[in-house]
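Down below is the structure, laid out as structure tokens.
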Amino acid sequence: MGQVAWKGLFLSFFDYKTEKYVIAKNKKVGILFRVVQLSLLAYLVGWVFVVKKGYQETDTSIQSSIITKLKGVAFTNTSELGERLWDVVDYVIPPQGENVFFVVTNLIVTPNQRQGTCPESFGIPDAECLKNSDCPEGEPVVAGNGVKTGRCLKTGAVNATCEIFAWCPIEKKKNPKIPLLGKAENFTVYIKNSIRFPKFDFSKTNILETDESYLKSCRYSKDDHYCPIFHLGKIVSWAGSEFQSMAIEGGVIGIQIEWNCNLDKPASECHPHYSFARLDNKERSVSSGYNFRFAKYYRDAKGNDYRTMFKAYGIRFDIMVTGKAGKFNIIPTIINIGSGLALMGAGAFFCDLVLLYLIKKSNFYRDKKFEDVKSASKMSLNVKVNGQPKSKSQNDLDQVRLQPLEA
Ligand SMILES: Nc1ncnc2c1ncn2[C@@H]1O[C@H](COP(=O)(O)OP(=O)(O)OP(=O)(O)O)[C@@H](O)[C@H]1O
């Protein structure tokens, strides 16, 4: 590079470059621009700042503990069990009071089961037989109750099933159509929930510091958020089901506790919100309902074991806690204002598109905005330098380089 070129480069370093604006006196595009600007401003203020609280730092990693306790008793009188009183220890499983608890609502009771031989129940394909060889000795019945003894027993007029070695007698298949513990509808559950937002070191519980007698008598309602004693029947009805029909086959109910806390306001304004939903299939089908089996074991005077087996149908309650806390912080405020202003730029870009390409006079505005600079190769002129032809563009460039820079 020559000395003059270096000098030109050096002087251009001190030039000040400013943008040139084209003011389009077009009312339609002008109005459109203001409308776009106003909409973006409304979005920024209304949605980003007022609704979504874009000026707040948030904490969604809620820490929570749940303790539950049920209360209520029910009296039943059945042929298998006689007169019986059921209290919490009988119908709540597990008894510890966790965030998932099961309340027994219906039962198939099979008392006095002893180890011995008896016919397998009907309706199990693997246990159907015509002759003894269909029941190989020692083979377990698939989805059945015991192992085959090698004998085929004709118990009915036509049906025959394999004899099995099992806890006999085998359980009856049908569950009562009137739920045995339908009175569980009136039981109450006490839900103790403590939460913490670690980012803001903020803790709260769903119980107000009142005397114990209040807890004994109060019941949760939509107006009383701080009574954590819930009537089971009401929980099921708020979840959109009917307790007595759900109690026959059982099911799953979700209790959601939501804590949305604006920590720019006093802590007393941060409340729990409860919602209830049925989580298993509402329609009666193979996939709906919930049941399991358990037994209570005894030993008679001769030292032989026997048991009472229960097939328990019931409602499982799953308590889930979610939450979000927010508090003013300058960083998200600046980020949201910045992205809002950048969006304003997108508005101008959109109006440029309309002005330059979509309206009738777009050609006119395009000519004003863009200056055509002819391609250097097209403008080539044969100028001889040292006997060699030289293009106009090269010539021009040389001239530009050689021109003294003006202020
Ligand atoms: N499911 C419930 N329905 C109605 N009241 C309840 C229920 N669970 C607990 N309570 C009452 O709430 C209060 C606080 O219960 P907490 O378990 O902390 O105390 P407690 O003295 O161990 O209760 P309790 O001995 O009565 O089970 C007690 O007065 C208790 O009787």
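Order of appearance sets the numbers: ligands from 1, and atoms from 1 within every ligand.
Nearest to atom 29 (O) of ligand 1 among the protein's heavy atoms is K216 NZ, 3.0 Å. Among all non-hydrogen protein atoms, the one lying nearest atom 12 (O) of ligand 1 is L215 CB, 3.7 Å. Of all protein heavy atoms, the one lying nearest to atom 19 (O) of ligand 1 is K69 NZ, 4.2 Å. The protein atom (non-hydrogen) at minimum distance from atom 28 (C) of ligand 1 is E212 OE1, 3.7 Å. For atom 15 (O) of ligand 1, the closest heavy atom belonging to the protein is Y190 CE2, 3.5 Å.
A side-chain N or O of T322 and one of Q256 form a donor-acceptor pair less than 3.5 Å apart. Under 3.5 Å, the side chains of Y55 and D264 contain no donor-acceptor pair of N or O atoms. For the residue pair T149 and E163, a side-chain donor N or O sits within less than 3.5 Å of a side-chain acceptor on the partner. A donor and an acceptor atom, one from each side chain of Q56 and N262, are located under 3.5 Å apart.
Atoms of ligand 1 found under 4.0 Å from any heavy atom of K71 (numbered from 1 in listed order, with element): 1 (N), 2 (C), 3 (N), 6 (C), 7 (C), 8 (N), 9 (C), 10 (N), 24 (P), 26 (O), 27 (O), 31 (O). The contact set between ligand 1 and V189, taken as ligand atoms under 4.0 Å from a residue heavy atom, comprises 1 (N). Numbered from 1 in the order shown, with element, the atoms of ligand 1 that lie under 4.0 Å from a heavy atom of L70 read 1 (N). Those atoms of ligand 1 with a heavy atom of K192 less than 4.0 angstrom away are 18 (O).
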As a quick check of understanding, evaluate side chain to side chain donor-acceptor pair (under 3.5 Å) for K311 and Y313, giving each step before the final call.
CA-CA 7 Å; K311 181 174 180 183; Y313 293 83; 3.1 Å; yes
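Taking distance alone, with nitrogen or oxygen atoms compared against 3.5 Å, R219 stays at or beyond that limit from ligand 1.
D87 and K71 are not joined by a salt bridge, as no carboxylate oxygen comes within less than 4.0 angstrom of a charged side-chain nitrogen.
Classified by interplanar angle (parallel below 30°, tilted 30° to 60°, perpendicular above 60°), the ring pair F292/Y290 is tilted.
Among T68, T188, I67, the residue whose heavy atom sits closest to atom 4 (C) of ligand 1 is T188.
Among all heavy-atom pairs drawn from A184 and T105, the shortest one is CB-CG2, 4.4 Å.
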